[in-house]
Engineer: 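Attaching a single structure in C-alpha cells format; questions to follow.
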Amino acid sequence: ADGRSQKAVAMKKWILLFWVLMMMAVGALADTAPVKMAVPPEAIATQAEGELEDYGLTFPEDMPLAARNFVLFARAEFEKNDWTRLPKCNEYTRWYYHDKREIGWCSVFQIYCAYHSGLQLVRYKQDVDVQPGDCISAMEGRVGNVRLAFEEHGRWLDGTQGAAPKPGYLVIYGVRQSTPYTHVAIVESVKALGGGLYELTTIEGNLNSTVRRLNYRYDANPKQPYRNMSVVPTDEITQENCQYTLQKDDWYVTGFCATW
C-alpha cells in the first residue's frame, strides 16, 4: 500500500511540474510580440464545425474547415466593429506589435484572423515545408511580402493573368502607375458570372480606418490588364451591409494568395 501511495504522490508531482512548464511556455508566447518572432507560432486548433456563426454563407465542398473558419472569424470581426472607425493603434496592432505604435493594419488584420482560426502562419524566406493540403497565411506586415511569402510556396495567382479567386483566399490590390501592393483583404465569397467575370465580397481591415465588407466585380480577362475591377450594377446588387463603390478608381486586383 505504501508503495502505491508513493507512486501516486510521484505521479502528482510530475503532473504538477508538467502543468507549470506548460503555463511557462504559454506565458512566454504571450509575452512575445508576433512581429518579433523569427519563426511564427504553431497553428492553434481551428474552431469546431458550427462553433462560429455562419451568416448564411456557403462554401465549396472541398474547402477545409480552417479556411472556412478564417472567413467566418473575419466576418465576425466585421459584425463586431459595425463600421466603427478605429485608431491606428487598436486591438489588432496591439496584439501583433505589443506596443502602442500607430500604423497601417490591413495585413495585421488578416494575420489576426488567420491565427485565431487555426491557419499556419509562414514568413517570407522562412525555411518551412508547406504541403498542398495545408491552410496557411503570411505573417508579414508589408503587403508586398505577403505576396512573396505565398509565391515561394507556389500559392500566388496573378490577377492580371486570369487568376480564379476562391473564398478564403487573400486578395492584394495595386494602384495603376504606382504600386502593385497597396492593400490586402480576405475574400468572403465568390460568384462566377461566366467568361472569367466574378462577383466578389471581401472583408477589408483598415479600409478608411474601419473593418468593411466590399462588393465588386473582378474580370480575370479584362481588355486592359490593370483595369479589372468594376462596380456591381445597382439593379443586380444582392449582398447586404456592404460598400458597393470601389475604394479608388485607380485600384486593380494584383492577385490572390491561395490560403488553401
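Just so you know, these numbers come straight off a predicted model, no measurement behind them.
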Engineer: Side chains of Gln224 and Arg227: any donor to acceptor distance under 3.5 Å?
Structural biologist: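 The criterion, which ignores hydrogens and geometry beyond distance, is satisfied for Gln224 and Arg227.
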Engineer: Are Glu77 and Lys80 within salt-bridge range, i.e. N to O under 4.0 Å?
Structural biologist: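 Here Glu77 pairs with Lys80 in a salt bridge, since their nearest N and O are under 4.0 Å apart.
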Engineer: Test of understanding: with ring-ring contact (aromatic ring centres under 6.0 Å, His included), list the residues that count as partners of Tyr218, not counting sequence neighbours.
Structural biologist: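 For Tyr218 the ring-ring contact (aromatic ring centres under 6.0 Å, His included) partners, ignoring immediate neighbours, are Phe256.
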Engineer: Counting distance only, does the side-chain N/O of Asn208 pair as donor-acceptor with the main-chain N or O of Thr210 below 3.5 Å?
Structural biologist: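 Pair absent, no side-chain N/O of Asn208 close to backbone of Thr210.
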Engineer: Yes or no on side chain to side chain contact (heavy atoms under 4.5 Å, CB included) for Arg212 and Trp83, after CA distance, side-chain angles and deciding distance?
Structural biologist: CA-CA 6 Å; Arg212 296 191 175 208; Trp83 300 86; 3.8 Å; yes
Engineer: For Glu49, does the CD atom have more than 12 heavy-atom neighbours from other residues, nucleotides or ligands under 6.0 Å away?
Structural biologist: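 Counting neighbours around CD of Glu49, 12 or fewer heavy atoms of other residues, nucleotides or ligands fall under 6.0 Å, so no.
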Engineer: Under the 4.5 Å side-chain heavy-atom rule for ILVMFWY, direct or indirect, which residues accompany Leu65?
Structural biologist: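 Direct or chained contacts put Leu65 with none.
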Engineer: Using the rule given for ring pair (Phe, Tyr, Trp, His ring centres under 6.0 Å), can you reason through Phe70 versus Trp260, listing the C-alpha separation, both sets of side-chain angles and the distance that settles it, and then say yes or no?
Structural biologist: CA-CA 11 Å; Phe70 179 39; Trp260 60 279; over 10 Å; no
Engineer: Is it the case that over 12 heavy atoms from other parts of the model lie below 6.0 angstrom from the CZ atom of Arg142?
Structural biologist: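 No - once you tally the heavy atoms of other residues, nucleotides and ligands closer than 6.0 Å, there are 12 at most.
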Engineer: Is it true that the side chains of Thr84 and Asp82 contain a donor and an acceptor less than 3.5 Å apart?
Structural biologist: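 Not at all, the side chains of Thr84 and Asp82 share no donor-acceptor pair under 3.5 Å.
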Engineer: Please say whether the positively charged group of Arg75, taken as NZ for Lys or CZ for Arg, lies over the ring of Tyr55, i.e. under 6.0 angstrom from the six-membered ring centre and within 45 degrees of the axis.
Structural biologist: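 Geometry flag: set, cation within 6.0 Å and 45°.
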Engineer: Answer yes or no: is there a donor N or O on one side and an acceptor on the other, between the side chain of Gln120 and the main chain of Pro41, under 3.5 Å?
Structural biologist: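 Looks like yes, one N/O pair under 3.5 Å.
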Engineer: Step through the shown structure and confirm whether more than 12 heavy atoms of other residues, nucleotides or ligands are within 6.0 Å of CD on Gln177.
Structural biologist: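 Check fails, neighbour count at 12 or below.
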